[in-house]
Amino acid sequence: MKKMIALLLTATMVLSMTACGSKKEDAAADSDAAATEDAATEDAADEDTADTESADDTSAESDLEYVKDKGVLVVGITNFEPMDYKEEDSDEWVGFDADMAKAFAESLGVEVEFVEIDWDNKIMELDGKTIDCVWNGMTLTDEVTSAMDCSNAYCNNAQVVVVPADVADQYQDTDSLKDLAFAVETGSAGETEVDALGLNYTPVASQADALMEVSAKTSDAAVIDLLMAAAMIGEGTDYANLTHTVELNSEEYGVGFRKGSDLVSALNDFFAAAYADGSLIACAEKYGVQDAILEQ
């Protein structure tokens with residue numbers, strides 16, 4: 001009898017252990033399946049995220065596609081004859097740079113929009129995507145080339161001193177300028193030159209404003225671009241009483257884009273083609289800047 005009871009107890013224990021083992025195995029299997037399902041879900045989510053990031057990166061990397069998608073090239077400018085200006089009784093921007101920007105936009109199959117900017121904020125405007133490029137007789141300074149990707153230089157220029165014609169003979173070298181009060185466009189190459197010489201100056205919004213200051217005799221002199229001086233001062237202009245004297249430097253113009261922009265190579269190709277077919281020189285002749293144009 002005792003032997004029978006012992007056998008029954010042993011059988012019960014074996015059955016109980018088997019059941020427990022089965023439950024543990026089932027629980028482990030369920031856990032493994034859940035882990036596999038979670039991993040698959042995470043992989044799918046990672047894949048979706050990677051696809052989204054990849055699409056965003058592609059979009060962010062191509063300024064050219066960005067401009068084509070929105071259908072307009074937004075060009076940052078100032079009032080700067082003969083590069084960008086409005087003719088009397090007209091709302092249309094014209095000038096050598098304006099006309100070339102229109103032609104470039106047409107080559108891309110998009111419209112062009114000109115936005116008059118504060119020149120001192122040009123880099124912020126560009127990086128904030130309120131404009132797509134700075135195309136306004138922009139000197140390729142170290143500041144510009146470190147903050148933007150720029151086109152090949154397309155035009156020679158210089159910064160020149162502008163004074164009333166009746167006193168011009170007194171200001172023929174840099175030493176003679178030390179007692180003058182200058183007006184210069186803020187953030188311009190002219191401001192850089194005046195500051196480097198330690199001269200007294202007042203920053204103004206544009207080079208056109210600097211000329212107005214001298215004409216009104218609220219400043220003794222201005223420093224502006226040579227190409228602008230050739231177009232806007234002297235006989236036959238609104239500033240017939242002004243002339244330019246000292247050339248403070250020599251420099252080159254380029255067009256600025258956001259860092260990494262593929263619009264740079266597109267514009268360089270456009271410049272090369274326009275130079276080869278003569279349309280670039282023809283446009284320069286229209287505004288009297290043909291002698292300053294660089295071979296592309």
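Quick note: numbers below take in every heavy atom, side chains included, and nothing from hydrogens, waters or symmetry partners.
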request  = Can you tell me which residue pairs pass the salt bridge (Lys or Arg N to Asp or Glu O under 4.0 Å) test with a partner in residues 266-275, sequence neighbours excluded?
outcome  = none
request  = Any salt bridge (Lys or Arg N to Asp or Glu O under 4.0 Å) involving residues 154-176? Give me the pairs, sequence neighbours left out, ordered by first then second residue.
outcome  = none
Is it true that a side-chain atom of [X] and a backbone atom of [Y] form a donor plus acceptor pair closer than 3.5 Å?
X	Y	answer
Asn268	Asn152	yes
Asp63	Asp262	no
Lys102	Trp93	yes

request  = Can you tell me which residue pairs pass the ring-ring contact (aromatic ring centres under 6.0 Å, His included) test with a partner in residues 237-270, sequence neighbours excluded?
outcome  = Phe104-Phe270
remark   = Heavy-atom nearest pair, Ile131 first then Arg258, reads O-NH1, 2.8 Å
inquiry  = Can you give me the closest heavy-atom contact between Thr243 and Ala165, atom names plus distance?
reply    = CG2-CA, 3.8 Å
key: Gln207: which of Val184, Val223, Asp225, Asn79 passes side chain to side chain contact (heavy atoms under 4.5 Å, CB included)   = Asp225
message = Does Asp277 have more than 12 heavy atoms from other residues, nucleotides or ligands lying within 6.0 Å of its CG?
response = yes
ask   = If you draw a 6.0 Å radius around CD in Gln170, do more than 12 non-hydrogen atoms from other residues or ligands fall strictly inside?
value = yes
message = Parallel, tilted or perpendicular, judged at 30° and 60°: which one describes the rings of Tyr154 and Phe96?
response = tilted
query = Can a salt bridge be assigned to the pair Asp132 and Lys70 using a cut-off of 4.0 Å between side-chain N and carboxylate O?
reply = yes
